[in-house]
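Order of the sequence lines fixes the chain letters, A, B, ..., with proteins taken first and strands second; residue numbering starts at 1 for each chain.
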Amino acid sequence: MAVLNTILYLVVFPGLLFLFVYSTFVEWFDRKVYARLQNRMGPTHTGKSGVLQPIADFVKLMAKEDIVPDLADKKLFSALPVIGLAVVITAGLLLPVWNIDLAAPGPISFPGDLIVILYLLSLPTLILFLAGWSSTNAFSIIGGTRVLTMLFGYEVPLFLAVLSPALLAGSWRLAEIAAFYRAHPLLILVNIIGFGVALIAVQAKLERTPFDIPHAETEIVGGTFTEYSGKKLAFFRLMADIEMVVAAGLLATVFLGGFGGGFLSAFAQFIVKTLFVVFLLAVLRAVTGRVRVDQVVSFAWKWLAPLAVLQLLIVILIKGFVL
Amino acid sequence: MKVAAFLPELFRHLFKKPATLDYPFKKIAVPKDFRGTPFLHPEICIVCKACERDCPAEAIEITPVNEAEKRFRMVIHNDRCVHCAQCVDSCPTTPVKAMEMDHLHEIAAFDRHDLKKEWEYVRALPKRPAPAAPKPAAETAEKAGA
Amino acid sequence: MKFNIPIGPQHPALKEPISIRLTVEGEVIQDADLRLGYNHRGVEKLAEEKSWIQNIYLTERICGICSHSHSTCFVQGAEKLLEIEPPRRGLYLRYLVSELERIHSHLLWLGVAGHEAGFDTFFMYTWRDREVVMDLLEMISGNRVHYAINTLGGVRRDLDEDLRKKILEGLVVLKKRSEYYFKIGASEPTFVGRLAGVGRLTLQQAKDFCAVGPMARASGLARDIRKDDPYAFYNEVEFDVATADTCDVLGRTVVRIKELFESYKICEQILRKLPDGPVAVKAPRKAKPNEVVSRYEAPRGENIHYIISNGTEKPERLKVRAPTLANYPATIEILKHGFIADIPLIFAAIDPCICCAERSVEMIDARSGEERTLRFSDLRRMANERRRTLPLQRNVAWPF
């Protein structure tokens with residue numbers, strides 16, 4: 001019975017199937033909001049007002065021919081998309097999607113799972129770099145180096161920003177942090193600066209404008225994805241979508257008070273809060289242009305890191321004097 | 001330096017109707033002088049071949065079918081046509097021109113030979129000025145008599 | 001570590017095929033090499049086989065964005081060769097379409113610059129507003145691109161009162177939107193941060209490399225054919241030459257937006273002062289043997305058509321010097337010492353119309369077969385020598 005439970009958990013909810021369906025829905029939502037902000041229509045016609053469009057894109061990519069360049073390291077080249085997908089799905093399993101019983105948590109919620117999820121979210125960056133490197137194409141190598149250069153910029157502010165609410169809540173467990181903020185909703189406002197910093201850092205992690213330098217279409221063709229086609233590209237794109245869901249879920253859990261109540265209420269809160277974060281990310285994408293890679297690093301260290309440290313300071317002061 | 005200067009405009013657009021037209025489910029009308037594809041009014045054509053001479057794409061072909069009956073065939077190769085309407089401008093017939101442009105613009109086809117249009121017709125007479133009024137009968141009778 | 005990065009002939013940054021080979025070290029470009037000819041269509045040879053009136057439509061199709069520029073430049077020259085002069089109303093209408101084309105081209109460029117900088121929202125907004133101009137042009141001429149409103153001796157269509165009012169209303173809408181872009185474009189930090197300081201071309205360099213159009217005007221070189229060598233009625237119309245002195249891509253953007261406002265001014269003056277009368281005169285079919293150089297201020301710079309006639313109804317030779325070709329040497333100079341990330345912006349800032357520039361420009365030494373670049377002074381010297389040694393043609397008998 002426990003085995004069946006685990007399998008259902010891994011494959012259906014909140015595992016493979018749910019993440020697949022929900023991430024395509026989130027991609028549709030993002031594209032629709034982005035288009036409406038630009039006075040366009042976005043996806044239409046496939047399914048009701050285009051809801052099935054991302055699934056259609058995925059199916060089309062799966063059906064296309066898969067070309068591996070001659071000089072590329074074939075084993076690494078082919079394994080990377082699958083590894084990437086596995087990493088982000090594992091990260092998705094750690095989100096506290098329904099009310100975790102704090103006393104008897106089980107394997108998916110344990111002290112320190114905040115660190116695990118952050119680590120699992122850093123792995124895709126390394127995988128993208130390896131993807132660019134193993135393609136042995138001038139454009140891909142430049143894309144790969146840009147991915148790592150950006151990592152030097154946004155990683156530290158992201159960690160610091162996500163750390164602050166955890167400090168205030170006094171726990172390293174996602175479920176406990178969420179429960180804490182559900183119990184004291186006013187304290188959410190203390191972390192506003194951290195929320196802003198985390199939003200911008202997450203936009204950089206997901207490689208969306210203004211930080212979509214690694215696969216800047218007009219400059220280096222496809223960047224890290226230049227040589228990928230067919231099924232491998234489909235998996236990479238799915239990995240990017242699920243990464244967005246995981247990042248939005250992480251931000252919603254840590255900053256917006258998680259998902260509580262019974263099963264249905266938690267599910268509804270999950271959808272609403274993650275869509276809210278995705279909406280903010282889409283607005284950020286529409287309102288800015290692309291920046292250069294050196295400008296990213298200098299912006300991150302001049303503005304993001306100090307703001308994250310300021311947030312940390314505020315949290316320490318409040319915890320010391322108020323709580 | 002304002003950050004996100006576009007933001008108010010962006011949010012306003014969330015509530016506006018999109019500027020995109022849902023073609024091909026919705027279409028808009030073309031303006032009245034739109035240059036579509038050329039076609040012929042065969043009953044007016046006087047076969048002066050000005051359109052054939054002036055066409056930049058060599059899209060008009062006029063060949064005689066039967067010299068005695070003055071039958072001609074005109075083929076308009078719509079796959080070569082550049083839709084410039086020079087043929088309409090060069091056509092000298094008055095008051096209605098023999099060549100005219102319609103408003104068709106959705107003329108895609110799978111085979112370019114499907115786009116050729118043909119007419120076979122008898123050449124119309126060019127309009128001549130009305131003949132001079134007959135001389136008064138007295139004068140002619142005088143000439144005849146003298 | 002030095003890399004050789006090829007940009008083109010197929011590249012998402014380029015709308016048309018051109019090959020730039022860059023030698024880069026890290027993110028900095030050390031050297032650039034330009035190869036043309038991928039878009040060569042043999043237009044100049046084709047022009048020798050077509051009559052004067054057919055050539056209007058041929059020259060129009062040299063380019064899609066600046067189609068009216070090439071057509072008008074040709075027709076200006078052909079009218080001088082045929083010794084006819086278009087009536088005032090025809091002239092006004094022809095240059096009204098010219099200014100509308102300048103507006104549409106600059107709005108298009110603003111969108112492309114936004115897209116190259118990764119700022120897609122700006123791209124969508126400017127192209128949505130460009131639809132206003134495209135609809136106006138469709139109402140005036142019957143087609144959105146390739147207006148075909150020129151004919152030898154004037155224009156082919158007339159403007160009625162209703163349409164005149166519609167154009168004035170459209171201009172009001174466009175002016176409001178352009179003011180908004182001017183305000184925003186100068187203050188959106190990611191956009192300005194990308195454009196400022198990129199692609200520097202000093203005033204001396206602009207003069208040395210013979211840059212034309214907004215590229216030269218952004219370096220402070222106030223060169224505009226409409227003021228330097230006014231054709232048609234441009235000496236009766238009031239407008240200013242838009243310049244900037246930041247010498248970089250931001251300056252070129254500002255120059256183009258300022259030119260939008262100047263074009264609105266000119267369009268309004270044309271519409272209010274439109275004279276009555278016929279729109280065209282009848283043109284003869286054959287031209288006496290002669291040669292003419294016709295200059296025109298296209299949206300991208302100075303467009304030169306050199307036409308020789310030989311007494312028949314077809315030209316003897318047509319030579320097109322599009323403005324983008326004149327900007328290439330300056331582009332290569334700018335590309336050196338830039339960043340890779342700036343390549344699309346630098347290239348977009350010259351507003352490349354590569355199909356305009358694809359005439360055969362051979363720079364290969366015939367004897368030794370080696371490729372070298374000729375300096376302009378060499379070219380000038382060679383051209384003057386050739387003209388001196390050619391026999392003059394006097395009293396040519398032409399069959400009329």
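- Residue B/Phe15 does not touch chain A at all, counting heavy-atom pairs closer than 4.5 Å.
- Heavy-atom neighbours of chain B within the stretch residues 38-50 of chain A, taken at a separation under 4.5 angstrom, comprise A/Asn39, A/Arg40, A/Met41, A/His45.
- Each salt bridge (charged side-chain N to carboxylate O under 4.0 Å, His left out) pair with one or both residues in residues 81-94 of chain B, not counting sequence neighbours, appears once here: B/Asp89-C/Arg156.
- The number of heavy atoms from other shown groups lying within 6.0 Å of NZ (A/Lys64) does not exceed 12.
- Within a 6.0 Å sphere centred on CZ of A/Arg36, other residues, nucleotides and ligands contribute more than 12 heavy atoms.
- Contact annotation: the side chain of A/Val287 never approaches that of B/Phe11 to less than 4.5 Å [non-hydrogen atoms, C-beta and beyond].
- Residues of residues 29-38 of chain B lying within less than 4.5 angstrom of chain A, judged on heavy atoms, are absent.
- Dense packing is recorded around CG of A/Leu189, with more than 12 heavy atoms of other residues, nucleotides or ligands lying under 6.0 Å away.
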Identify every side-chain donor-acceptor pair in residues 67-78 of chain B under 3.5 Å, counting partners at least two apart or on other chains, and give the distances.
residue	atom	partner	partner atom	Å
B/Arg73	NE	B/Glu118	OE1	3.4
B/Arg73	NH2	B/Glu120	OE1	3.3
B/His77	ND1	B/Lys116	NZ	3.0
B/His77	NE2	B/Glu61	OE1	2.7

